[in-house]
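Comments concern the structure below.
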Amino acid sequence: MLTLSIVKADTGGYVGHSAVHPDMVAEAQRAVDRAIQNGLLIDAQVVTCGDDLSLIMTHRYGRDSHLVHGFAWETFRATTRVAQDLGLYGAGQDLLSDAFSGNLRGLGPGYAEIEFEERPSEPVLCFLADKTEPGAWNLPLYKIFADPFNTPGLVIDAKMHAGFVFEVYDLYEDKRIEFDCPADLYDMLMFIGSPARYVIHSVRSKALSEAAAVTSTQRLSLIAGKYVGKDDPVMVVRCQSGLPSIGEALEPFAFPHTVAGSMRGSHHAPLMPVRLEDATPNRFDGPPRVVGLGFQIKDGKLIGPRDMFADPAFDRARAQANEVMDYLRRHGPFEPHRLPLDELEYTTMPELEKRLADRWSPLPAPAAEQVPAGEAASSVSGLRR
Ligand code: F6R
Ligand code: MG
Ligand code: MG
């Protein structure tokens with residue numbers, strides 16, 4: 001079995017939260033080159049999206065491997081040191097703990113890992129997003145694996161016709177459920193339509209009994225019970241030969257759907273599909289970006305990437321994202337541009353509630369009750385007539 005792991009973290013931004021400094025990329029590249037040489041990794045590439053640095057790695061150690069996770073953790077500590085030396089912003093931001101304890105769960109970095117027998121030809125897409133959260137993949141995954149208007153293979157490819165099983169996490173209660181689609185479609189939509197709480201973690205082909213997609217859904221980043229930020233997500237989708245074609249997997253991104261994130265992780269904004277060099281969310285710390293990197297995997301080697309959104313066919317989505325951004329921005333601090341109170345990453349509300357507590361007073365009584373009792377009675381009886 002081969003494992004493809006993407007492990008990602010924001011270990012410092014250049015400038016602000018907009019990108020990663022080239023020296024950090026070079027540091028991570030040196031680390032992965034050493035790990036390939038010493039046999040830990042078969043292959044690896046370092047890619048950035050916004051202020052997030054992703055290690056895309058192939059190896060034989062399976063998911064949640066302490067060796068691979070430990071390597072990623074050390075690499076992020078090294079890029080943090082580079083960020084500190086250069087005074088970059090938020091150095092080590094996503095390393096929430098001082099100590100590594102076997103795997104990355106709960107430590108801050110996000111990861112998506114998928115295990116499979118490599119097929120004679122193995123096309124995969126790695127999607128990386130910045131300034132949003134794992135629920136951002138719900139809508140595209142639904143379209144890719146459950147919507148025949150997006151994916152004709154669901155209707156006309158015999159290996160896809162049986163459908164796909166979606167594994168959904170409840171991030172608030174740390175539990176999971178599987179939906180067998182298409183039979184369970186309507187049940188599933190009730191949940192995944194609320195992507196802040198219910199997030200698709202993986203998708204499996206029923207006909208092939210194989211993993212088809214996985215996302216970096218971990219529990220919310222909590223320190224001491226306080227929510228500390230959106231986890232900019234990554235996703236892997238395996239393609240072709242009974243799985244969605246490359247074009248079916250990219251097609252949902254031709255619609256720049258609205259996601260939570262952008263400025264201060266507290267606004268709805270469109271998810272803009274961009275080429276790698278445009279994955280720099282500069283306007284209003286957004287709009288949130290997604291890049292799609294295509295690889296052919298051969299004997300574990302990553303042949304690629306091809307920059308899949310470097311295609312004029314996605315220009316319209318980018319233009320539409322800019323229009324939607326203009327429209328949403330004009331709402332300023334009003335919902336639905338600003339997230340609802342309980343989803344804000346930054347809030348002053350608890351402090352305001354305390355400070356303004358004694359300035360609140362009950363609403364005035366309804367006007368009718370202020371009228372002397374006798375008069376009120378006659379006007380009511382007047383109405384009856
Ligand atoms: C969103 C994000 C940025 C920051 C914002 C304020 O995910 O990273 O929008 O929230 O730039 O950053 P601080 O609080 O670090 O000044
Ligand atoms: Mg950052
Ligand atoms: Mg980020």
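These figures come from a predicted structure and were not determined experimentally. Indexing begins at 1, ligand by ligand and atom by atom, following the structure's order. For the single chain, residues carry numbers from 1 onward in sequence order. All heavy atoms count here, side chains included; hydrogens, waters and symmetry mates do not.
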Contact flag D51/the Mg ion (ligand 2), N/O/S atoms, threshold under 2.8 Å: yes
Angle subtended at the Mg ion (ligand 2) by Q93 OE1 and D10 OD2, rounded to 10 degrees: 90°
Side-chain donor/acceptor of D43 to backbone N/O of K301, under 3.5 Å: no
V124, V214, V203, L208 screened by side chain to side chain contact (heavy atoms under 4.5 Å, CB included) with R238, the one that passes: V124
Contact with ligand 1 for G265, non-hydrogen, under 4.0 angstrom: yes
Student check: side-chain heavy atoms of R318 and F309 closer than 4.5 Å: yes
With the Mg ion (ligand 3) as the apex, the OD2/OD1 angle for D232 and D130 - to 10°: 90°
Proximal candidate to atom 7 (O) of ligand 1 [heavy atom criterion; set E133, K131, H267, Q93]: K131
Short side-chain donor-acceptor distance under 3.5 Å, N150 and E251: no
Worked verdict on R338 versus H331 for side-chain hydrogen bond (donor to acceptor under 3.5 Å, both in side chains): CA-CA 8 Å; R338 199 183 73 182; H331 294 76; over 6 Å; no
Residues in ring pair (Phe, Tyr, Trp, His ring centres under 6.0 Å) contact with H268, at least two apart in sequence or another chain: none
Nearest to the Mg ion (ligand 2) - the N/O/S atom of H17, by atom name: ND1
Within-shell test, S262 vs ligand 1, heavy atom, strictly < 4.0 Å: yes
Contacting atoms of ligand 1, where contact means under 4.0 angstrom from a heavy atom of M263: 9 (O)
Which segment of H17 sits under 4.0 Å of ligand 1 when only heavy atoms are counted: side chain
Nitrogen or oxygen atoms of Y346 and ligand 1 under 3.5 Å apart: yes
